[in-house]
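Here is how names work: the chains are called A, B, and so on, in the same order as the sequence lines, proteins then strands, and each is numbered from 1. Quick caveat: nothing in here was measured; it's all calculated off a predicted structure.
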2 protein chains.
Amino acid sequence: MALTREQLIDAAVGILSEFGLADLSMRRLARELDVQVGALYWHVKSKQELLVEVAAKLLDSVPKPDSPAVNLAPMAIAALLSQLRTALITIPDSAEVMQLAQSMRPDSLDPLGWLLEFLEICGVPESDAPMARHVLVNHLLGSISAQQESLALAAGTEPTAGSDTWGQESFDYGVRVILRGIIAEYPKN
Amino acid sequence: MALTREQLIDAAVGILSEFGLADLSMRRLARELDVQVGALYWHVKSKQELLVEVAAKLLDSVPKPDSPAVNLAPMAIAALLSQLRTALITIPDSAEVMQLAQSMRPDSLDPLGWLLEFLEICGVPESDAPMARHVLVNHLLGSISAQQESLALAAGTEPTAGSDTWGQESFDYGVRVILRGIIAEYPKN
DNA sequence: ACCTGAACACCGTTCAAGT
DNA sequence: ACCTGAACACCGTTCAAGT
């Protein structure tokens, strides 16, 4: 039975989740799928294109939520960013993959369209919403990769119980501060 | 005359500045310096270590400034971040290199010690200053890499005059919003 | 102390040729 | 349409041996 583009992407996500980005090579992927390397290039134009698809798949894990009421919008944003964080933090190098995808195709975070929408509910004008989202996403990805490496360094060490606390606290701090700053930017109507 | 670790690092910065991270390989570096690849590994433990040194060198371009007065501290921070941005934006993939260095040795941004200091002048307690800095640095690096790629995509296109405007505006927006949020976090004494 | 030569174990991408 | 086989032009790292 013929290999599918879907299968290819799923296998890539699998290797990433289990072994990290360094092990996610086209050759390794081909081995896993019992095909020759060249076969992959029939389904996918390049490794970069594949990584963009992988990033998209990672974002799918957090589904588009319902629109909140005006006064609840900031808390809804904070909650959903936190959800995204916990989803991505378990996948090695997920932040790097997202950053790569984002820099190769800026519309990679279109799945986060709800973020734009929620920000506008908060009072952010349509023109500024993309910039506000950018700040939040930068913080999300930056926090994740910062913490994933500290987890990697502590891999040899005993797993000091609750070593997530610093990363979590730092992440929450940033979200709170940024949201406050964004809302303060626009005088209440 | 013997090769120096300094020369090695400088050559690396040179290749990065001229051709980008993709061309910065140990073999290319060796060719440029008229030595065999193995020679590099006498001066440097690994490519990663070299990149950390490169990142440090990039940060050196903005020297530690004098401490501002309390009421001017936020503007001083904004001004210096802007200076850092203009210094790094001319160097291809500089943000990626900084992020790599940061994730390999978290004290990579010790050169930005002034940022901690300035934040404390703004009223941020010592315990929170590292988190506040993290948010600002994430925004700085995220903005830079976002814009560098849009420059790379526009490389084939005609250089639409003033195409920096969006990146600049988006960067300034983020700095303003984050600083406002940070300051609002702490009731005035 | 500093470097060469050569190897080891990999990469991403392309493409004629097969089925 | 989908894949193989094989090549091209690279990687980072190690290490005996040279000077």
- Message: Between B:Glu120 and B:Glu126 (side chain of the first, backbone of the second, donor and acceptor by atom type, cut-off under 3.5 Å), is there such a pair?
- Response: no

- Taking only N and O in the side chain of A:His43, is any of them less than 4.0 Å away from OP1 or OP2 of D:dC3? yes

- Note on the structure: Per atom distances to the A:Gln36 side chain, the nearest of C:dC11, C:dT13, D:dT4 is D:dT4

- Note on the structure: Checking D:dT4, D:dC2, C:dG12 against the side chain of A:Val35 (C-beta onward), the nearest is D:dT4

- Note on the structure: Rounded to the nearest 0.5 angstrom, the CG-CG distance for B:Asp93 and B:Leu24 is 9.5 Å

- Query: If every non-hydrogen atom of B:Leu21 is compared with every non-hydrogen atom of B:Val97, which pair is closest and at what distance?
  - Reply: CD1-CG2, 3.9 Å

- Integer-rounded Å distance: D:dT14 C1' and B:Lys47 NZ: 17 Å

- Note on the structure: By nearest-heavy-atom nucleotide on DNA chain D, the more 5' of B:Arg28 and A:Ala39 is A:Ala39

- With nearest nucleotides of DNA chain C determined for B:Arg27 and B:Thr4 from heavy-atom distances, which residue corresponds to the more 5′ nucleotide? B:Thr4

- Task: Could you tell me the separation between the CG atom of B:Leu51 and the C1' atom of D:dG12, rounded to a whole number of Å?
- Result: 12 Å

- Query: Is it true that the side chains of A:Glu96 and A:Ser145 contain a donor and an acceptor less than 3.5 Å apart?
  - Reply: no

- Query: Does OP1 or OP2 of C:dT13 have a side-chain N or O of A:Tyr41 closer than 4.0 Å?
  - Reply: yes

- Note on the structure: Of A:Gln48 and B:Trp42, the one whose nearest nucleotide on DNA chain C sits closer to the 5' end is B:Trp42

- Rounded to whole angstroms, how far apart are CD on B:Glu49 and P on D:dG12? 15 Å

- Message: My understanding is that a pair needs two contacts under 3.5 Å, Watson-Crick or G-U wobble. By that rule, which nucleotide pairs with D:dT19?
- Response: C:dA1

- Using Watson-Crick or G-U wobble geometry with both distances below 3.5 Å, tell me the partner of D:dA6, or none. C:dT14

- Task: Using atom CD of B:Glu6 as one end and atom P of C:dC2 as the other, report the distance to the nearest whole Å.
- Result: 14 Å

- Message: Within this structure, what is the CG-CZ distance for the pair A:Asp110 and A:Arg105, rounded to the nearest 0.5 Å?
- Response: 9.0 Å

- Task: Provide, to the nearest angstrom, the distance between the CG atom belonging to A:Leu40 and the C1' atom belonging to D:dC2.
- Result: 12 Å

- Item | A:Ala2 side-chain proximity, nearest of C:dG12, D:dC2, C:dC11 | D:dC2

- Message: Between C:dA17 and D:dC2, how many Å separate the two C1' atoms, rounded to a whole number?
- Response: 13 Å

- Query: Expressed in angstrom and rounded to an integer, what is the separation of B:Leu29 atom CG from D:dT13 atom C1'?
  - Reply: 15 Å

- To the nearest Å, give me how far apart CG (B:Leu21) and P (D:dC11) are. 13 Å

- Return the value, rounded to whole Å, for the distance between atom CE of B:Met26 and atom P of C:dT4. 14 Å

